[in-house]
Amino acid sequence: MKKLILVAFIAGTVGFVAGNAFWYLASPLWIDQVVDEGISQSETARILARGTFSDADAAHRGRGTATIFEGTDGRHTLRLSDFEVTNGPDLEVWLVAAENVTASSDVTGSEWLALGQLKGNIGDQNYDIPAGTDLSKYNSVVIWCEQFGVLFSPASLLR
């Protein structure tokens, strides 16, 4: 009887851990996070760069516009508008020096600046760019899965 209880306990523990791991990794595939942030006219005084998101591959898809604005106070903001990307774990928004990013190796082989966790995989959202950032050295915006080192969607910036 003790052996049966031990086997049941071990099986239950393994099942619990495996189930939680599966939920953490797979649930973003069917759960969307929708964001709808506004932006003020003072934050959008001048457009510095703009790009359109594209698919990284058949499994990692994206669309929408990335725009870098300079506000009347000199601050810089990245705005994602009409935005949608395949959801996944640990997605971040990065500025990347590489131009025409098409693969994860383009990102990892280049200089990058993380702007923070992706707020949602659908909708308009804003990201502050740190003061003093030399925007001339960044040519792309990417949605990056930090956990697995995978490109989800790139946008080449045009000035």
Side-chain angles (χ1 to χ4, degrees), residues 20-159:
N20 280 309
F22 173 77
W23 179 258
Y24 173 74
L25 295 173
S27 66
L29 298 175
W30 62 81
I31 298 175
D32 290 324
Q33 179 67 39
V34 179
V35 178
D36 187 17
E37 288 187 323
I39 191 165
S40 69
Q41 284 186 337
S42 64
E43 292 176 292
T44 62
R46 185 168 68 126
I47 294 175
L48 300 178
R50 177 176 278 155
T52 302
F53 283 101
S54 62
D55 300 342
D57 55 44
H60 304 104
R61 305 174 64 86
R63 67 176 182 82
T65 304
T67 308
I68 297 178
F69 292 101
E70 181 176 56
T72 55
D73 59 1
R75 293 180 358 159
H76 297 116
T77 303
L78 170 67
R79 178 162 176 82
L80 309 183
S81 53
D82 299 321
F83 178 74
E84 188 170 342
V85 70
T86 305
N87 207 355
D90 201 16
L91 296 183
E92 295 187 358
V93 179
W94 288 7
L95 293 177
V96 178
E99 295 182 48
N100 302 317
V101 173
T102 58
S104 296
S105 60
D106 295 337
V107 177
T108 58
S110 181
E111 185 176 343
W112 50 267
L113 173 66
L115 300 181
Q117 290 290 132
L118 185 68
K119 297 173 184 176
N121 67 306
I122 298 174
D124 298 345
Q125 46 204 288
N126 307 313
Y127 297 87
D128 294 328
I129 299 172
T133 300
D134 180 3
L135 293 174
S136 67
K137 67 181 183 180
Y138 296 106
N139 298 298
S140 301
V141 175
V142 301
I143 307 304
W144 181 258
C145 176
E146 177 66 11
Q147 183 173 11
F148 296 110
V150 175
L151 174 65
F152 268 56
S153 184
S156 294
L157 294 172
L158 302 173
R159 291 176 168 80

### Query
Roughly how far, to the nearest 0.5 Å, is OG1 of Thr133 from OH of Tyr138?
6.5 Å
### Query
Hey, are the side chains of Gln33 and Leu118 touching, using non-hydrogen atoms and a 4.5 Å cut-off?
no
### Query
What pairs meet the salt bridge (charged side-chain N to carboxylate O under 4.0 Å, His left out) rule with one or both residues in residues 95-118, with sequence neighbours excluded?
Glu111-Lys137
### Message
Return the OG1 to CG distance between Thr86 and Leu91, rounded to the nearest 0.5 Å.
### Response
9.0 Å
List, one per line, each side-chain donor-acceptor pair under 3.5 Å for residues 46-54, sequence neighbours excluded.
from, atom 1, to, atom 2, distance (Å)
Arg46, NE, Glu70, OE1, 3.1
Arg46, NH2, Glu70, OE1, 2.6
Arg50, NE, Thr67, OG1, 3.3

### Query
Which pairs with one or both residues in residues 106-132 pass ring-ring contact (aromatic ring centres under 6.0 Å, His included), sequence neighbours excluded?
Trp94-Trp112
### Task
Hey, could you give me the CG/CG distance between Asn121 and Asp32, rounded to the nearest 0.5 Å?
4.5 Å
### Task
Would you check if the side chain of Asp82 reaches a backbone N or O of Asp124 as a donor-acceptor pair within less than 3.5 Å?
no
### Asp57 (side chain) donor-acceptor with Ala59 (main chain) under 3.5 angstrom
yes
### Summary
What one should report as the nearest heavy-atom pair of Val93 and Val141 is CG1-CG1, 4.2 Å
### Message
Using a 3.5 Å distance criterion without hydrogens, assess whether the side chain of Asp55 forms a donor-acceptor pair with backbone atoms of Gly62.
### Response
yes
### Query
Any donor-acceptor pair under 3.5 Å linking the side chain of Asn87 with the backbone of Ile31?
yes
### Task
Any chance you could measure Leu157, atom CG, to Ser136, atom OG, to the nearest 0.5 Å?
12.0 Å
### Query
Taking only residues at least two apart or on different chains, which pairs with a member in residues 36-45 satisfy salt bridge (charged side-chain N to carboxylate O under 4.0 Å, His left out)?
Glu37-Lys119
### Task
Using the salt bridge (charged side-chain N to carboxylate O under 4.0 Å, His left out) rule, collect all pairs that involve residues 144-154, keeping only residues at least two apart or in two chains.
none
### Task
For Phe83 and Gly120, work out which heavy atoms get closest and say how close.
CE2-O, 3.9 Å
### Query
What are the two closest non-hydrogen atoms of Ala45 and Gly71, and how far apart are they?
CB-C, 4.0 Å
### Message
Quick check against the 3.5 Å criterion: does Ser110 have a side-chain atom that pairs as donor or acceptor with the backbone of Val107?
### Response
no
### Task
Apply the test side chain to side chain contact (heavy atoms under 4.5 Å, CB included) to residues Glu92 and Val142: give CA-CA distance (whole Å), side-chain angles for both, the deciding distance (0.1 Å), then the verdict.
CA-CA 8 Å; Glu92 295 187 358; Val142 301; over 6 Å; no
### Task
Could you pull out the closest heavy-atom pair between Ala66 and Leu80, with the gap in Å?
CB-CD2, 4.1 Å
### Query
Nearest heavy-atom pair of Pro130 and Leu113: which atoms, and what distance?
CD-CD2, 4.1 Å
### Task
Take Leu78 and Asn126, measure what side chain to side chain contact (heavy atoms under 4.5 Å, CB included) needs, and give me the verdict at the end.
CA-CA 6 Å; Leu78 170 67; Asn126 307 313; over 6 Å; no
### Task
Considering non-hydrogen atoms only, spot the tightest contact between Val101 and Ser140 and give its length.
CG2-OG, 3.7 Å
### Task
Using atom types as modelled and distance alone, determine if a side-chain donor or acceptor of Asn139 lies under 3.5 Å from a backbone N or O of Ala98.
no
### Query
Which is it for His60 and Leu151 under the side chain to side chain contact (heavy atoms under 4.5 Å, CB included) test, yes or no, and what are the steps along the way?
CA-CA 8 Å; His60 304 104; Leu151 174 65; over 6 Å; no
### Query
Excluding sequence neighbours, so at least two apart, what forms side chain to side chain contact (heavy atoms under 4.5 Å, CB included) with Arg63?
Glu84
